Amino acid sequence: MTQQLAVARPTTARTTTAETTVAGTTVAASPEPAGATTATTGAAPAGVAPLGTAGLATLLLGAFLTMLDFFIVNVALPTIDQDLAAGPAVLELVAAGYGIAFAVLLVLGGRLGDIFGRRRLFTAGAAAFALTSLACGLAPDAWSLVAARAAQGASAALLIPQVLGTVTAATHGARRGRALSLYGAVGGISVVIGQVLGGILVAADVFGTGWRSVFLINVPCALLALVLAVRYVPETRAERAARVDVPGTVLLAAALLALLVPLMEGRAAGWPLWSWVLLALFPVLATAFVLVERRTERNGGSPLVPPTMLRIPEMRRGLGIALPFFAGFGGFMFVIAVALQQGLHLDPVTAGWALVPMAVGYFAASLAGPRLIGRFGSRVLTAGALVQASGLAVLAATVLADWAHFSPLRMVPGVALAGIGQGLIGTPLFRVVLSKVPADRAGVGSGVLATGQQSSLALGVATLGSLFLALAPTLGMDRALALCLGIQLLGALTILGLTLRLPRSIG
């Protein structure tokens, strides 16, 4: 869419595993030596160098950059169009190319980290992210920018699974919970900061770079993450290196492309025949992927997404919540940006600042999350769904009450409540999904979660965004916005029901 603590010096270590039974199937379990107190102290599992504060900050910097770039380009697209004469369809690819490549290659990135070492893949991903960001910033024409954006998304797919994978493998107990809570907070904050920072950079026109600065700012930040990772991030990898599942990788990539490409490009292209053919192929490719993965695991191979991992209740139910949560989040950010800039004719900087109350609410809830989760468990997610639904209802009512005088100030109650609710859901959600993932499969589990996150964000932008743009000319900007908020409200109520099926205690 066009709008859119001392730290020990790291040492190489391999994770060790034990066996446990999950849903009737034997899988590797997180190591826990007899008499160890890691569950309460938060120390790293046996044989793994601890992840210190500086190492965690380095990983979060990498995560922040990759998530930021999903949204920072949105406010720069009009300027890109003017400068490169891109046109709507090519601009769609500038925005979508990053997200599609990101989502398609995430699970593979997690597997490569398991095999070759997560710190090694993190540093390689950071270096590639710096280079591809530089290529975006120096792109001479629109199609060069599209290619560089896709490569940038592929670089992010190498980097981001290593963040969750390292946290899962090199921390335990309370420290892991705090780290995952911070990761969730960074994910939410980066979305809003992307909108704000993008507008500020374009408006500032630093050294005459204009829109190019939204990409060039990544270069020093990514290089800093690379240097810090070498010093502070411990090396972890799976004990038994598994081969890359080529058939599974190809089928997963094909299935995601068949779904995301027509949804994100079909409207701009006028819904040609190829878009419908790809959508029809999606269920066929998805079914083939599931069958191949089951056969590979049954034959003793190493599937890209082990079916036994999806039998872990926390993983399965957490992913069920992630789909409506991230889809609604991505759709909301796109729709509200269009409504503010095209409906109210606000400039990009003002439109970005309108979402600051949401960021403050999200961050405050994220900081309180670990303490609340320790006391109330999964009921924190239930409360978050209720608060988010309330915020969406308040915002929809404000839109319908007086659109002529609708303003960022009048948005504050609704978006602040929505942000608090999203923080109470998004922050513990990562802990739910990864709480029972074996350390030996940390990279795979992290890749699956990150793929679900990015795919859902793209799906939300494509579905809610297309619906909003299609209805706004006939219903009016206010009714179309209220309808989309109502759909997201239904998603929040769905999340509410799903949270009631989670175990009360979260690891």
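Treat the numbers as computed from the prediction; the structure is a model and nothing was measured.
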I'd like to know if the side chain of [X] and the backbone of [Y] have a donor-acceptor N/O pair within less than 3.5 Å.
| X | Y | value |
| --- | --- | --- |
| Gln162 | Leu158 | yes |
| Arg149 | Val94 | yes |
| Asn218 | Ala130 | no |
| Gln422 | Phe329 | no |
| Glu297 | Pro306 | no |
| Asn299 | Gly301 | no |
| Arg111 | Pro303 | yes |
| Arg212 | Ala139 | yes |
| Ser275 | Pro272 | yes |
| Arg317 | Arg501 | yes |

Can you name the nearest heavy-atom pair linking [X] to [Y], along with the distance?
| X | Y | answer |
| --- | --- | --- |
| Leu323 | Ser456 | CD1-OG, 3.3 Å |
| Val206 | Thr209 | O-OG1, 2.6 Å |
| Ala354 | Pro357 | O-CD, 3.5 Å |
| Leu285 | Ala258 | CD1-CB, 4.0 Å |
| Leu182 | Leu60 | CB-CD1, 3.9 Å |
| Thr398 | Arg410 | CG2-O, 3.7 Å |

[atom1] of [X]: more than 12 outside heavy atoms within 6.0 angstrom?
| X | atom1 | result |
| --- | --- | --- |
| Arg479 | CZ | no |
| Phe363 | CZ | no |
| Trp403 | CH2 | yes |

[atom1] of [X] to [atom2] of [Y]: how many Å apart, nearest 0.5 Å?
| X | Y | atom1 | atom2 | answer |
| --- | --- | --- | --- | --- |
| Leu201 | Phe215 | CG | CZ | 11.0 Å |
| Ser378 | Leu429 | OG | CG | 12.0 Å |
| Met309 | Arg311 | CE | CZ | 12.5 Å |
| Leu257 | Leu278 | CG | CG | 8.5 Å |
| Ile495 | Leu490 | CD1 | CG | 11.0 Å |
| Leu424 | Leu381 | CG | CG | 8.0 Å |

Report task. Take Leu252 and Glu293, measure what side-chain contact (heavy atoms from CB on, under 4.5 Å) needs, and give me the verdict at the end. Result -> CA-CA 10 Å; Leu252 178 61; Glu293 296 300 273; over 6 Å; no
Report task. With side-chain contact (heavy atoms from CB on, under 4.5 Å) as the test, would you mind laying out the steps for Phe334 and Leu469 before giving the verdict? Result -> CA-CA 11 Å; Phe334 169 76; Leu469 293 174; 3.9 Å; yes
